[in-house]
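Counting starts at 1 for both ligands and their atoms, in listed order.
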Amino acid sequence: MATKTTVGLIGWRGMVGSVLVDRMTAERDFDVCEPHFFSTSQAGAAAPIGGTPQIAGAPVVRDAFDLDSLAELDVLISCQGGDYTARVHPDLRRRGWSGFWIDAASTLRLSDDAVIVLDPVNRDIIDRALDRGVRDLVGGNCTVSLMLMALAPLIRRGWVEWLSSMTYQAASGAGAAALVELCEQMRRLGDRLAPVLDDPGARLLELDRQVAAGFSDPGLPISALGAPLAASLIPWIDRAMEHGDTREEWKGMVETQRILDLDPALPVDGICVRVGALRCHSQAVLLKLRRDLPLADIEAELASAHPWLRVIENTPEATRARLTPAAVSGSLE
Ligand code: NAP
């Protein structure tokens, strides 16, 4: 019987990792590989799925910093974050480990030895990288990936001269702790509002006053998000770059070129804003086209691009029903 490919999962407890394990389970990927679960904080705990080493019959989580254990495996998938990649990946490669490293963090995205994976739109670029021996496969920034899932068909046709994206990014993009924190903020504000909502004689502006007081309540948790997000937004994501843009905005330009292997480069600018959606980022994009194109041609190009792209009719009814985080979140469209 053929032996199964051994796969180590690091970061499976986090936001990206949870979604990934959920998808891999739904796709029955664990039937065809042997999973081993690692953690930087939970070594020895029960593993979510079998395959990993056993203590007294139950599969257990292994130490994510144990290079010997990692180096035994054919494939390592890290959704743990950039610091972990920077600490572990170079040591593994230095000791001659030649397996596939699949990563969600940005650390390796611009490395010559890596390719950014967005297979519905850059499968040809991934295949060429594999042919030349690339073994580091890295997911792109979520907002850039989503933008290109929608717009790569137009860019690859050479129709776009430049673009500017305005994002409305969900709390999930900042990780598990941020998502939990947004829910905690909603609960805390909700607790303040409940008596006002329950009082038929309460004045409208009392709702507003309670929310404003809630924002400055020292008990409102903000350690993960850095500011109140429930009933608000945060116009800054990630750290500052040299020219006054955020690193999240900067990634729009550099990762677009890299994912689509564009030469000459396509100018990409944007403004990234965190909003109080739980999951599912939204974006508005301004495109400068190279020539005058009928809207119907653009819609037809998008509608046939790949199975995960839907063109929604531009009406109040259709967009409210199908173009909101509430409608899209958790689906593959
Ligand atoms: P995350 O949710 O913060 O999880 C990272 C790790 O934090 C977990 O694997 C877990 O590691 C630890 N952790 C600590 N407290 C936790 C808690 N309460 N619940 C769950 N895990 C907890 O990070 P992430 O958002 O998945 O991002 C991982 C990497 O992917 C980052 O480099 C990020 O930039 C990148 N990325 C994220 C997104 C996104 O939408 N979130 C999209 C694209 C790329 P231990 O088991 O070792 O403790």
**Asked** Is there a salt bridge (charged side-chain N to carboxylate O under 4.0 Å, His left out) between Arg123 and Asp127 once you walk through the steps?
**Response** CA-CA 6 Å; Arg123 180 65 203 235; Asp127 286 340; 3.0 Å; yes
**Expected output: side-chain Glu181 to main-chain Leu225 donor-acceptor under 3.5 Å** = yes
**Prompt:** Would you say the side chains of His36 and Glu34 form a donor-acceptor pair under 3.5 Å?
**Reply:** yes
**Request:** Using modelled atom types only, decide if a donor and an acceptor are shared between the side chain of Gln185 and the backbone of Pro221 within a distance under 3.5 Å.
**Result:** yes
**Prompt:** Does the protein place any heavy atom closer than 4.0 Å to atom 39 (C) of ligand 1?
**Reply:** yes
**Asked** Taking atom types as modelled and ignoring hydrogens, do the side chains of Glu248 and Thr143 form a donor-acceptor contact shorter than 3.5 angstrom?
**Response** yes
**Request:** Apply salt bridge (charged side-chain N to carboxylate O under 4.0 Å, His left out) to Asp269 and list each qualifying residue two or more places apart in sequence or on a separate chain.
**Result:** none
**Asked** What's the verdict on ring pair (Phe, Tyr, Trp, His ring centres under 6.0 Å) for Phe65 and Phe38, showing C-alpha distance, side-chain angles and the deciding distance?
**Response** CA-CA 9 Å; Phe65 294 115; Phe38 291 82; over 10 Å; no
**Asked** Can you tell which of Ser145, Ser39, Ala174 gets a heavy atom nearest to atom 45 (P) of ligand 1?
**Response** Ser39
**Asked** For atom 5 (C) of ligand 1, which protein heavy atom lies nearest, and how many Å away is it?
**Response** Gln80 O, 3.7 Å
**Prompt:** In terms of residue, atom name and distance, what is the protein heavy atom nearest to atom 10 (C) of ligand 1?
**Reply:** Arg13 NH2, 3.9 Å
**Prompt:** Is it true that Asp191 and Arg188 have a side-chain N and a carboxylate O under 4.0 angstrom from each other?
**Reply:** no
**Request:** Identify, for atom 25 (O) of ligand 1, the protein heavy atom at the shortest distance, and state residue, atom and that distance.
**Result:** Gly175 CA, 3.1 Å
**Request:** Can you pull out the closest protein heavy atom to atom 4 (O) of ligand 1? Residue, atom name and distance to 0.1 Å, please.
**Result:** Gly14 CA, 3.2 Å
**Any donor-acceptor N or O pair under 3.5 Å, side chains Thr6, Asp74** = yes
**Fill in**
ligand 1 atoms nearer than 4.0 angstrom to some heavy atom of Gly11 are 9 (O)
**Asked** Which heavy atom of the protein is the closest neighbour of atom 35 (C) of ligand 1, given with residue, atom name and distance?
**Response** Ala104 O, 3.4 Å
**Within reach of ligand 1, part of Ser172 (heavy-atom separation under 4.0 Å)** = backbone
**Heavy atom of protein inside 4.0 Å of atom 18 (N) of ligand 1, strictly below** = no
**Item:** Contacting atoms of ligand 1, where contact means under 4.0 angstrom from a heavy atom of Gly82
**Value:** 32 (O)
**Asked** Counting from 1, what ligand 1 atoms have a heavy atom of Thr40 closer than 4.0 Å?
**Response** 45 (P), 47 (O), 48 (O)
**Message:** Can you confirm, on distance only, whether ligand 1 has an N/O atom lying under 3.5 Å from any N/O atom belonging to Gly17?
**Reply:** no
**Prompt:** In chain order, what residues pass the salt bridge (charged side-chain N to carboxylate O under 4.0 Å, His left out) check against Glu242, with sequence neighbours excluded?
**Reply:** none
**Asked** For atom 48 (O) of ligand 1, what is the nearest protein heavy atom, given as residue, atom name and distance?
**Response** Ser41 OG, 2.5 Å
**Prompt:** Cut-off 3.5 Å, side chains only: do His89 and Asp136 have a donor facing an acceptor?
**Reply:** yes
**Asked** What part of Ala105 sits under 4.0 Å from ligand 1 if we count only heavy atoms: the side chain, the backbone, both or neither?
**Response** both
**Message:** Can you name the atoms of ligand 1, numbered from 1 with element, that are less than 4.0 Å from a heavy atom of Gly173?
**Reply:** 39 (C), 40 (O), 41 (N)
**Request:** If you have a sec, work out which protein heavy atom is nearest atom 28 (C) of ligand 1 and how many Å separate them, to one decimal?
**Result:** Cys79 O, 3.1 Å
**Item:** Gln169 and Val275: CA distance, side-chain angles, deciding distance, side-chain contact (heavy atoms from CB on, under 4.5 Å) verdict
**Value:** CA-CA 6 Å; Gln169 297 182 219; Val275 297; 6.0 Å; no
**Item:** Closest approach of any protein heavy atom to atom 27 (O) of ligand 1, naming residue and atom
**Value:** Val16 CG2, 3.9 Å
**Prompt:** Of the choices Ser18, Ser78, Ala176, which has the non-hydrogen atom that lies closest to atom 2 (O) of ligand 1?
**Reply:** Ala176
